[in-house]
Amino acid sequence: DKGGWSSFMAKEIAEQPEAIANTLRGRIVDGIVEIPELAGLGADTLRDIDRIVIVACGTASYAASVARYAIEAWARVPVTVELSHEFRYSNPVLSERTLLISVSQSGETMDTLMAVKYGRDAGVKTLSVCNTQSATIPRESDGVIYTHAGPEVAVASTKAFIAQIVALYLFGLHLANVRGTLTAEELAELTEQLTGVPEQLAEVLEVTETVRTLAHWMADTRSVLFLGRHVGFPIALEGALKLKEISYIHAEGFAAGELKHGPIALIEPGQPVFVMVPSPRNSPVMHSKIVSNIQEIRARGARVIAIAEKGDAAVLPYADEVIPLPIAELFMQPLLTVVPLQLFALELSTAKGLDVDQPRNLAKSVTVE
Ligand code: F6R
């Protein structure tokens with residue numbers, strides 16, 4: 001039941017504040033993360049791991065790529081993200097001190113299931129992040145963190161994506177607590193930031209009208225580029241994937257620092273480019289680098305749509321459009337930045353008269369390799 005919404009995707013985007021409140025519910029107690037379901041992966045095991053490999057496909061792999069920065073920053077454990085289907089055939093270097101985390105909304109993605117089985121057979125500990133109760137992948141894993149985002153019907157993943165990042169953040173904070181890499185004050189501060197995310201998500205949804213106008217104006221666009229740095233980079237990839245999936249428009253995401261190593265050659269007059277702008281408060285250096293990137297592409301005629309923290313005056317002179325984000329700390333910002341990109345894909349698909357929920361050639365759950 002779409003509950004009055006024009007599509008399941010529109011409904012699921014709007015449900016994100018509630019979905020994230022559910023991901024967090026009962027898991028933060030006095031500034032400490034508690035995940036009882038981790039049973040098979042106790043504190044001793046988590047203190048002993050020396051490396052984390054996250055396996056996932058598509059959108060889930062971008063959620064993992066965002067969380068990687070946070071887990072490394074908080075728990076000081078090296079984290080790599082591998083596409084499940086690449087991992088299995090890469091003869092990966094694993095040991096009994098490796099933790100293999102899988103991320104899957106459905107819990108049935110065959111590529112990811114096979115990666116988990118491969119890891120288990122190689123003797124590594126396995127943790128799954130999953131949105132579907134008692135799906136196959138969590139049943140095959142030593143521990144599971146359910147995202148509790150509620151059923152996701154639209155093929156294009158939205159609320160599950162944000163919930164995957166939040167669940168991985170919870171794990172990262174738990175790991176940091178167990179390993180003593182963050183102080184009690186730091187943990188309290190970060191858990192408080194997470195607790196504030198549902199409210200910030202509700203605020204960012206207010207950009208819907210602005211994005212709709214933009215999408216209508218761009219309905220005939222043939223190609224859209226997305227640029228980001230650090231946690232904004234996987235968000236750029238996710239924005240591009242959403243657009244490909246439901247609008248059938250060529251879209252590519254790049255690390256902003258890569259521009260001059262090739263992609264800037266694509267910029268010609270009128271080329272739309274979305275830029276994820278980090279907050280100048282959280283990361284002044286990254287912010288000024290992104291502003292230079294915007295100047296570089298603008299000088300070559302790009303049409304720049306900046307997604308930036310409200311009040312960020314530095315981007316105004318160079319951006320054709322600014323989509324304002326609520327004030328948020330470094331690792332919370334990607335959870336908000338992705339929302340206008342989801343809305344843009346939704347609105348563009350709608351403007352083109354396409355079936356938003358059932359894009360051609362795609363299935364919600366990919367149960368073949
Ligand atoms: C994108 C999308 C896919 C899935 C991918 C993994 O909107 O939905 O890229 O994210 O097929 O699916 P799960 O998370 O079920 O393993």
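Order of listing sets the numbers, starting from 1, for every ligand and every atom in it.
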(request) Heavy-atom contacts with C57 under 4.0 Å: which atoms of ligand 1 show up? List them by number with element. (result) 5 (C), 6 (C), 10 (O)
(message) Tell me the contacting part of E245 for ligand 1: side chain, backbone, both, or neither, using a 4.0 Å heavy-atom threshold, strictly below.
(response) side chain
(message) Can you tell me how the ring of F87 sits relative to the ring of Y118, calling it parallel under 30°, perpendicular over 60° and tilted otherwise?
(response) perpendicular
(request) May I ask which of E152, E108, Q105, Q164 has a heavy atom nearer to atom 14 (O) of ligand 1 than the others do? (result) Q105
(request) Flag the pair E12 and K159 as a salt bridge only when some basic side-chain nitrogen lies within less than 4.0 angstrom of an acidic carboxylate oxygen. (result) no
(request) Check whether any heavy atom of V155 sits under 4.0 Å from an atom of ligand 1. (result) yes
(request) Would you mind checking which non-hydrogen protein atom is closest to atom 4 (C) of ligand 1, with the distance to 0.1 Å? (result) T59 N, 4.1 Å
(request) Measure across F8 and A154 and return the closest heavy-atom pair with its distance rounded to 0.1 Å. (result) CB-N, 3.9 Å
(message) I'd like to know if A156 contacts ligand 1, where contact means a heavy-atom distance under 4.0 Å to any ligand atom.
(response) yes
(message) Need the ligand 1 atom indices (1-based, order shown) with element for anything under 4.0 Å from a heavy-atom of S104.
(response) 13 (P), 14 (O), 15 (O), 16 (O)
(request) For atom 12 (O) of ligand 1, grab the closest protein heavy atom and report residue, atom and distance to one decimal in Å. (result) T109 OG1, 3.5 Å
(message) Which of the numbered atoms in ligand 1 are under 4.0 angstrom from any heavy atom belonging to A60?
(response) 10 (O), 14 (O)
(message) Would S157 count as a polar contact of ligand 1, with the cut-off being nitrogen or oxygen pairs under 3.5 Å?
(response) yes
(request) Assess K242 for proximity to ligand 1: is some non-hydrogen atom of it under 4.0 Å away? (result) yes
(request) Can you pull out the closest protein heavy atom to atom 11 (O) of ligand 1? Residue, atom name and distance to 0.1 Å, please. (result) V366 CG2, 4.3 Å
(message) Within ligand 1, which atoms have a heavy atom of G58 less than 4.0 Å away?
(response) 9 (O)
(request) Say whether T147 and Q164, considering side chains only, have a donor N or O and an acceptor N or O under 3.5 Å apart. (result) no
(message) If I apply the N/O under 3.5 Å rule, does K364 come out as touching ligand 1?
(response) no
(message) I need the nearest protein heavy-atom contact for atom 15 (O) of ligand 1: residue, atom name and distance, please.
(response) S106 OG, 2.7 Å
(request) Output yes when E329 and R281 qualify as a salt bridge under the 4.0 Å nitrogen-oxygen rule, no when they do not. (result) yes
(message) What I want to find out is whether E321 reaches R303 closely enough, with some N-O distance under 4.0 Å, to be called a salt bridge.
(response) yes
(message) In terms of relative ring orientation, are F331 and W74 parallel, tilted or perpendicular, with 30° and 60° separating the classes?
(response) perpendicular
(message) Please enumerate all residues that pass ring pair (Phe, Tyr, Trp, His ring centres under 6.0 Å) together with Y146, with sequence neighbours excluded.
(response) none
(request) Would you please say whether a donor-acceptor pair under 3.5 Å links the side chains of S157 and E152? (result) yes
(message) Do T59 and K242 pair up side chain to side chain, a donor and an acceptor below 3.5 Å, judged on atom types alone?
(response) yes
